[in-house]
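What follows is a set of notes on a single structure, which appears directly below.
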Protein chains: 2
Amino acid sequence: MRVIKKETDYALRALFFIKNNGGHADVSKIYSNMDIPRPFLRRILQQLAHAKILLSKKGKHGGFKFLRPFEKITLARLNEIFDKRLPPGECPFKNKVCINYKTCVLKGKLSKLEEEIYKMFENILIKDLWM
Amino acid sequence: MRVIKKETDYALRALFFIKNNGGHADVSKIYSNMDIPRPFLRRILQQLAHAKILLSKKGKHGGFKFLRPFEKITLARLNEIFDKRLPPGECPFKNKVCINYKTCVLKGKLSKLEEEIYKMFENILIKDLWM
DNA sequence: GTGATATGATATCAAAAAAGTATCATTATT
DNA sequence: AATAATGATACTTTTTTGATATCATATCAC
């Protein structure tokens with residue numbers, strides 16, 4: 001199982017770089033220090049800005065910096081940006097698999113399991129992944 | 001995030017059906033009670049037999065039954081049949097992303113997280129998902 | 001033993017998701 | 001106004017997942 005997507009992982013590393021670069025960097029700077037496809041990296045940073053993790057500034061001497069203190073950012077927060085989940089409790093088969101789908105209890109159980117995993121992510125600060 | 005694959009989910013339901021069918025059923029019987037593509041279902045059952053969850057018997061009056069008591073089967077056991085994981089501790093990027101990959105601590109942390117999720121699966125009996 | 005019936009093994013195809021690319025628009029600095 | 005950065009977004013490629021098709025093999029009834 002692949003716990004997190006490449007985008008999330010890249011984001012984690014890009015943020016780490018920004019932190020170590022005095023809390024600010026532009027795409028070129030990050031790109032020259034990481035072996036990530038540049039346009040892909042760019043789009044990831046844009047998404048982080050859109051999600052209000054980073055604050056972007058255009059033009060000369062522009063780039064990205066943290067909008068809020070990075071210490072409070074969780075893995076859950078980051079993950080949800082790049083990995084869209086099913087609404088909780090929803091049957092992934094649209095109730096088509098079982099004959100007696102009305103009494104199906106499986107979707108509820110699996111949904112709860114998913115919630116638990118998500119809860120784990122809530123308790124993980126990205127700064128702790130960096131250390 | 002999609003916790004388990006369709007194959008695993010289908011397997012879970014097929015096993016549930018077999019249990020409720022007196023511990024034995026063939027593909028036709030299961031198929032006629034579930035809205036799953038028949039050849040796909042068949043391959044899933046084959047994989048379960050290969051993994052020694054089920055025992056298969058060919059020919060007339062053949063089919064599938066549990067090889068061992070179903071009460072002890074965990075979600076982890078089922079999941080690993082259909083979802084191959086990375087070897088623990090392995091960097092998903094083959095150490096290509098970071099300049100200082102030797103000091104990279106991220107892969108270890110994420111790998112540990114993956115282990116934790118897997119541990120959760122170990123503690124889930126499929127019979128409890130049925131109830 | 002032979003025919004019908006079931007699974008075994010396995011190659012192939014299709015759909016969906018993830019990963020990566022390209023491009024034009026917009027804004028800030030000089 | 002020119003340059004240099006990000007914004008928005010549409011597109012393409014690759015990988016994974018989901019599904020199909022087919023021939024081989026074993027079992028049972030007769």
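What you see below is based on every heavy atom in this structure, not just the backbone, and it leaves out hydrogens, waters and symmetry mates. Every chain is numbered from 1 and lettered A, B, ... according to where its sequence line falls, protein lines coming before strand lines. Not measured: the values here are computed from a predicted model.
Under 4.0 angstrom from either OP1 or OP2 of D:dA5 there lies no side-chain N or O belonging to A:Ser28. OP1 or OP2 of C:dA19 has not a single side-chain nitrogen or oxygen of A:Tyr10 nearer than 4.0 Å. Residue A:Ser56 has no polar side-chain atom (N or O) positioned under 4.0 Å from OP1 or OP2 of D:dA5. Note on B:Lys6: a side-chain N or O is less than 4.0 Å away from OP1 or OP2 of D:dA19. In terms of phosphate contacts, A:Lys5 brings a side-chain nitrogen or oxygen within less than 4.0 Å of OP1 or OP2 of C:dA18.
The distance from atom CZ of B:Phe82 to atom C1' of D:dT17 is 13 Å, rounded to the nearest whole Å. The interatomic distance linking A:Asp9 (CG) with C:dG20 (P) rounds to 11 Å, in whole Å. In this structure, the CG atom of B:Asp83 is 10 Å from the C1' atom of D:dT16, given to the nearest Å. Taking atom NZ of residue B:Lys58 and atom C1' of nucleotide D:dA29, one finds them 18 Å apart after rounding to whole Å. Between A:Lys65 atom NZ and D:dA5 atom P there is a gap of 17 Å when expressed in whole angstrom units. When rounded to the nearest whole Å, the span between NE2 of B:His61 and C1' of C:dT7 equals 15 Å. To the nearest angstrom, P of D:dA8 lies 7 Å from NE2 of A:His50. Atom CD of B:Gln47 and atom C1' of D:dA19 are 12 Å apart (whole Å).
Contacts of A:Arg43 with the nucleic acid, taken as non-hydrogen atoms under 4.0 Å apart, include base atoms. Among the protein residues, B:Pro39 comes within range of the nucleic acid bases, having at least one heavy atom under 4.0 Å from a base atom. B:Arg38 comes within 4.0 angstrom of no nucleic acid atom, judged by non-hydrogen atoms across all strands.
In plain terms, the two heavy atoms of A:Phe64 and A:Ile18 that are nearest each other are O-CG2, 4.2 Å. Pairing each heavy atom of B:Ala14 with each of B:Met34, the nearest pair is N-CE, 3.8 Å. The minimum heavy-atom distance linking B:Glu71 with B:Leu125 is given by the pair O-CD2, 3.6 Å. Annotation for A:Leu41 and A:Val27: closest pair CD2-O, 4.1 Å, computed over non-hydrogen atoms.
Where B:Leu45 and A:Leu41 meet DNA chain C, the nucleotide closest to each residue was compared, and B:Leu45 sits on the side nearer the 5' end.
Taking only side-chain atoms of B:Phe40, from C-beta outward, the nucleotide of D:dG18, C:dA19, C:dT7 with the closest atom is D:dG18.
With hydrogens and angles disregarded, a donor-acceptor distance shorter than 3.5 Å links the side chain of B:Lys109 to the backbone of A:Asp128.
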